[in-house]
Amino acid sequence: MTFSLTLSVSDLLLLLPELFLTAWLCVILIVDFSFKRIVQEQLAYLSILGLVITLACLAWFDVTGITGTLFGKMFVLDRMAIFFKVMILLATILVILLSIDYVHRFAFFRGEYYFLVVMSALGMMFMTSANDLLSLFVTLEFATFGFYVLVSYLREDMASNEAGLKFFILGVFAAGLLAYGISLVYGETGKLVFSDMTGAAPTTGLVIGFLLIFAALGFKIGAVPFHSWIPDTYHGAPTPVTAFLSIAPKVAAFAILLRLFLVALATFKPAWALLIVAASILSMTYGNIVAIAQRNVKRLLAYSGIAQVGNVLIGLAAGTKMGTDSILFYLLTYLFANLGAFAVIMAISNAVGSDEIDDYSGLNRRSPFLAFAMLIFLLSLAGVPPLAGFIGKLYIFVAAIKEGLYILITVGLVNIVVSMYYYLIVVKKMYINEPLDSSPIKTTGPLQAVIYVGLAGTLVIGIYPQPFLDWAVAATLMFSNLLGPAASVPVPTAPFGG
Amino acid sequence: MAEYTLLIILFAPFVGALALIFVSNRQLSLVRGIAAGSAFISLIASVYLFYAYDPLKGGYQFIQRIEWSRQLGISLHLGVDGIGTPLVLASGILLFAGIFVSWHIKDRVKEFYIWILILAAATIGVFMSLDLFFLYFFYEMSVIPMYLLLGMWGSHTKKYLEMTDAEGLKQRDSVGFIFNFGANSKEYAAMKLVLFLSAFAVAALMGILLIYKFSGLNTFDILVLREQAHFSGPLATLIWLLIFFGFASIAPIWPLHSWSPVGHAAAPAATSMLHAGVLMKLGHFSIIRVAFEILPETTRELMPIAAVLCIFSIIYGGLVAYYAKDTKYVIGYSSSSHMGYVFLGMAALDYISLSGAVIYMFAHAMATGMLFAMAGWVYDQTHTRDIPSLGGLSNRMPFISAAFVIGCMASIGMPGTVNFIAEVMIIVGSWNKYPFQVVVAVLGIVLTMAYLFKMMRGLFYGSMAEKYSHSHDAVTVVDRMPLLIMITVSISFGIFPGHLYSVVRSGVDPLIARITKVVPVAEHPMNRPHATSPIVPTSASREALAKVTPR
């Protein structure tokens with residue numbers, strides 16, 4: 001396999017967002033080291049500036065329709081990659097805003113924190129463009145690398161260290177599986193690029209190889225049975241890192257899953273659809289049932305996140321263009337609701353110093369705004385109209401029912417009811433219970449900004465989703481040659497039974 | 001302007017709720033003013049709608065269609081027929097009355113009005129949705145406000161407050177796992193209500209999704225599906241059962257009723273009014289709008305299920321109401337029992353009986369609204385709903401006691417109230433098909449008299465305990481107006497039912513014609529409701545009939 005490394009300037013244009021962000025990373029690091037008296041807030045806003053410029057660059061790509069591949073198809077920039085990159089950048093900006101108050105808790109290395117967050121974001125941006133097995137491995141590890149450090153950033157805190165260790169050991173194990181899977185697939189097909197693999201014969205080695213790759217990606221998205229690291233890691237990690245972890249790696253991993261299953265394995269759909277259906281049912285059911293027993297709100301969101309991933313997998317199991325649209329759209333709604341919920345958690349944790357659900361008692365009396373925001377975010381996660389989460393779930397169900405996945409949809413619908421119980425428990429604490437301590441809770445500017453963005457996203461997408469649906473649909477045009485909805489069942493012609 | 005009537009009715013409460021968010025809780029009169037104002041706009045528009053609806057033309061009127069999502073085939077398609085119009089009016093009246101009934105709420109007033117406006121607007125939205133998606137959207141949207149209204153402003157039952165555990169501690173302070181609310185507490189009631197309704201709502205959603213898939217039309221639009229989608233065989237049966245039981249749970253049909261009386265008992269007065277008055281009718285209405293419209297054939301085959309279950313609803317609800325000791329439980333179970341009459345009227349699939357069922361929904365909204373408002377008043381004054389410990393209150397509150405008698409009479413179906421007309425129509429209409437059920441229904445009326453008179457005597461007559469001697473009557477305009485409005489509506493439609501009847505018939509006729517393919521008997525005396533509108537069958541029903549004549 002050979003590929004020419006003669007890069008023209010126009011080729012490099014495709015890499016512009018990543019290149020710019022790499023340069024900006026160096027700037028962040030240099031500024032942090034050179035100015036001893038710089039305060040971390042300034043570094044935070046410096047990072048945000050870089051991310052916003054990158055975002056603007058991607059928006060320009062999206063509008064002008066710049067797409068293409070690089071390095072012998074290792075790197076692809078299509079509209080789906082742009083969609084995912086925008087989501088990751090948005091999540092990163094919001095997470096940095098969330099972090100500003102929290103970073104004071106770190107004893108030192110406050111500047112490097114932002115460097116690591118932006119570096120992980122860069123890794124995940126590459127991940128969304130990975131188009132062959134090698135770039136898949138490299139970008140995945142690059143993205144995870146920053147997280148290993150971030151999760152254990154609270155050096156004095158046992159829980160954080162435990163979280164980091166658990167995440168690291170299982171993460172490295174997943175990386176091992178991934179590498180082994182890649183070697184098997186390459187050995188069987190001799191191909192690395194996803195789009196070249198279509199039509200490969202399904203030998204045993206190939207099947208095992210892909211199963212191993214799926215296991216490694218399942219670890220990233222936290223689908224059952226690869227979820228075991230999630231609760232402890234979410235619980236122990238610094239809360240902004242948990243927020244970051246709960247959305248960005250999932251988004252990036254779904255980009256790879258879509259390319260892997262719908263491009264490389266498009267011809268084996270009946271086989272892998274079963275696998276996805278099983279993972280989806282397990283994730284939804286396990287996540288929702290275990291979430292009921294949680295007393296800590298971070299753990300609650302960890303398990304609810306597992307269940308949400310199960311929901312997204314329904315869209316993948318559908319395996320159609322519409323299924324892909326619904327995944328993109330759902331992840332967008334999840335991003336706003338989840339980061340918004342974490343912003344409220346941060347605000348309360350800053351004031352109360354705890355993440356226990358019991359400490360949310362009487363929040364409505366202490367801070368009506370925070371309670372209302374949390375209510376909206378939780379109900380959006382539960383899928384209650386008129387919020388974004390409802391449209392997301394409905395879109396996924398519509399995509400799935402067109403493919404006749406009745407059992408999966410039934411499980412999904414039942415799980416909505418189950419999830420409503422534990423989300424409403426938090427609502428009950430906030431609205432119905434009386435506060436233990438009635439001092440009002442103050443929120444700071446950056447946190448409030450995140451909450452407002454989350455509220456705006458959740459409500460606007462819920463009430464008028466058309467532009468966002470259009471955007472998701474346009475982003476996945478590459479999949480429009482996938483099998484469409486199954487031919488509709490012939491309907492009897494006589495309107496009244498003859 | 002007139003074509004935007006539905007949008008005004010629907011969005012006035014939403015806009016009011018939105019405006020309230022930006023008002024401080026301390027400006028009490030402004031908060032109440034905004035709530036009452038937006039409810040008033042909605043009420044005026046729904047009165048206009050009721051009288052501007054043209055029964056001669058029939059069919060869906062005041063149609064609004066706003067594209068919402070191309071990919072999913074959804075549009076905000078609003079329109080009312082003869083069945084939706086009176087229910088929209090009832091919602092408008094009950095919302096307006098409910099705002100005044102809850103005038104004396106002191107805790108978190110602003111939030112209360114926000115949630116009650118959203119609740120009412122969502123129910124109104126269901127009554128005018130012509131798109132399956134939005135029907136479900138508004139239906140599910142009405143559930144969550146109920147949770148907060150019950151939980152934040154509701155009250156525990158007596159049984160719960162007296163409950164202690166082994167160490168003599170109040171049990172409500174104990175923390176458990178799933179059932180950490182303790183039965184009979186307001187939290188338990190609220191959670192039960194939401195989970196019950198959501199569980200059955202997703203069943204209905206599954207039915208809707210199956211309709212969407214197997215129609216193959218890529219649309220949620222009821223009018224398109226009604227004309228073009230045809231279902232038969234086991235699939236139609238499955239969809240029908242999902243839709244029927246999914247929506248019947250909120251009606252609530254026996255044996256899916258258990259959330260409802262508990263919810264009534266825990267809810268604040270205005271919420272009980274809306275809950276019993278209009279929320280429960282969402283069930284019947286959605287069954288009519290979805291199952292009757294889209295699956296007429298299957299409806300004809302399977303509607304006997306409702307005829308069987310309604311017997312249990314009527315008798316069981318009535319008996320429990322007779323033995324209940326909590327005023328709100330009595331009224332709550334009486335509502336469950338009375339909803340059985342609506343199911344009977346629907347099950348007979350007859351022009352007269354279905355019209356009776358729709359009028360009964362309207363009539364019951366007024367009667368039960370009155371009763372709940374007054375039960376709430378009595379509770380506010382005496383802080384108890386326990387009938388044995390009350391008595392003789394007519395000395396202290398003559399107005400309430402007189403209004404209560406009228407409310408009971410309306411609920412029983414005294415001639416002169418609109419309930420009478422509805423009951424007679426249901427009984428006459430279903431006699432041919434279900435004589436046994438009709439006998440049960442008549443017995444149910446006797447039972448209704450028994451428990452309502454028993455409650456009336458227990459509350460207002462006999463000797464009064466000394467501790468209630470400081471309770472007050474409703475004397476101000478604000479306190480009396482909601483009751484007077486509902487009494488006036490109930491009696492005036494009882495004496496002049498003409499327009500109500502012709503509006504309802506214009507909605508019922510095409511529906512029954514499609515389902516049963518039987519031409520309405522125009523010369524029957526019941527079919528000449530009003531001298532100025534001798535219009536049966538309407539033009540819409542004639543069109544429908546023309547379509548169903550055998551080819």
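We name chains A, B, ... by the order of the sequence lines, and we start the count at 1 in each one. Atoms considered below: every heavy atom in the structure, side chains included; atoms not considered: hydrogens, waters and symmetry mates.
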Chain B interface, residue from Val414(A), Val473(A), Ile401(A) that has the most non-hydrogen pairs under 4.5 Å: Ile401(A)
Counting heavy-atom pairs under 4.5 Å to chain B, which of Ile391(A), Ile416(A), Ile432(A) comes out on top? Ile432(A)
More than 12 heavy atoms from other groups under 6.0 Å of CD1 on Ile407(A): no
Would a 4.5 Å heavy-atom cut-off, applied to side chains only, mark [X] and [Y] as touching?
X         : Y         : result
Asp470(A) : Gln71(B)  : yes
Glu187(B) : Ile425(A) : no
Met420(A) : Val194(B) : yes
Met322(A) : Leu72(B)  : yes

Before giving the answer on side chain to side chain contact (heavy atoms under 4.5 Å, CB included), spell out for Met206(B) and Phe397(A) the whole-Å C-alpha distance, their side-chain angles and the decisive distance to 0.1 Å. CA-CA 9 Å; Met206(B) 188 69 194; Phe397(A) 288 143; over 6 Å; no
Work out which heavy atom in [X] is nearest to a heavy atom in [Y]; give both atom names and the distance.
X         : Y         : answer
Glu111(B) : Pro368(A) : OE2-CB, 4.4 Å
Gly462(A) : Trp68(B)  : O-CZ2, 3.6 Å
Val417(A) : Leu195(B) : O-CD2, 3.7 Å
Leu469(A) : Ser69(B)  : CD1-OG, 3.4 Å
Lys428(A) : Tyr147(B) : CB-OH, 3.1 Å

Which bit of [X] is near chain A, if near means a heavy-atom gap under 4.5 Å: side chain, backbone, both or neither?
X         : value
Arg108(B) : side chain
Ile144(B) : side chain
Phe220(B) : side chain
Leu210(B) : both
Phe137(B) : both

Checking ring pair (Phe, Tyr, Trp, His ring centres under 6.0 Å) between Phe390(A) and each of Phe134(B), Phe138(B), Tyr139(B), Phe133(B), which is the one that passes? Phe133(B)
Given the rule in the side chain to side chain contact (heavy atoms under 4.5 Å, CB included) test, do Leu148(B) and Val427(A) qualify, once you have shown the distances and angles that lead to the verdict? CA-CA 9 Å; Leu148(B) 293 164; Val427(A) 173; 3.8 Å; yes
Based on non-hydrogen pairs under 4.5 Å, which of Gly233(B), Ala201(B), Ala229(B), Ala199(B) is most in contact with chain A? Ala199(B)
If I measure from the heavy atoms of chain B, does Asp325(A) come under 4.5 Å with its side chain, its backbone, both, or neither? neither
Tell me, side chain or backbone of Leu375(A) under 4.5 Å from chain B's heavy atoms, or both, or neither? side chain
Could you measure the distance from the NZ atom of Lys402(A) to the CG atom of Asn218(B)? Nearest 0.5 Å is fine. 3.5 Å
Nearest 0.5 angstrom please: Ile21(B) CD1 to Phe369(A) CZ, how far? 11.0 Å
Parallel under 30°, tilted from 30 to 60°, perpendicular over 60°: which one fits the rings of Tyr406(A) and Phe214(B)? parallel
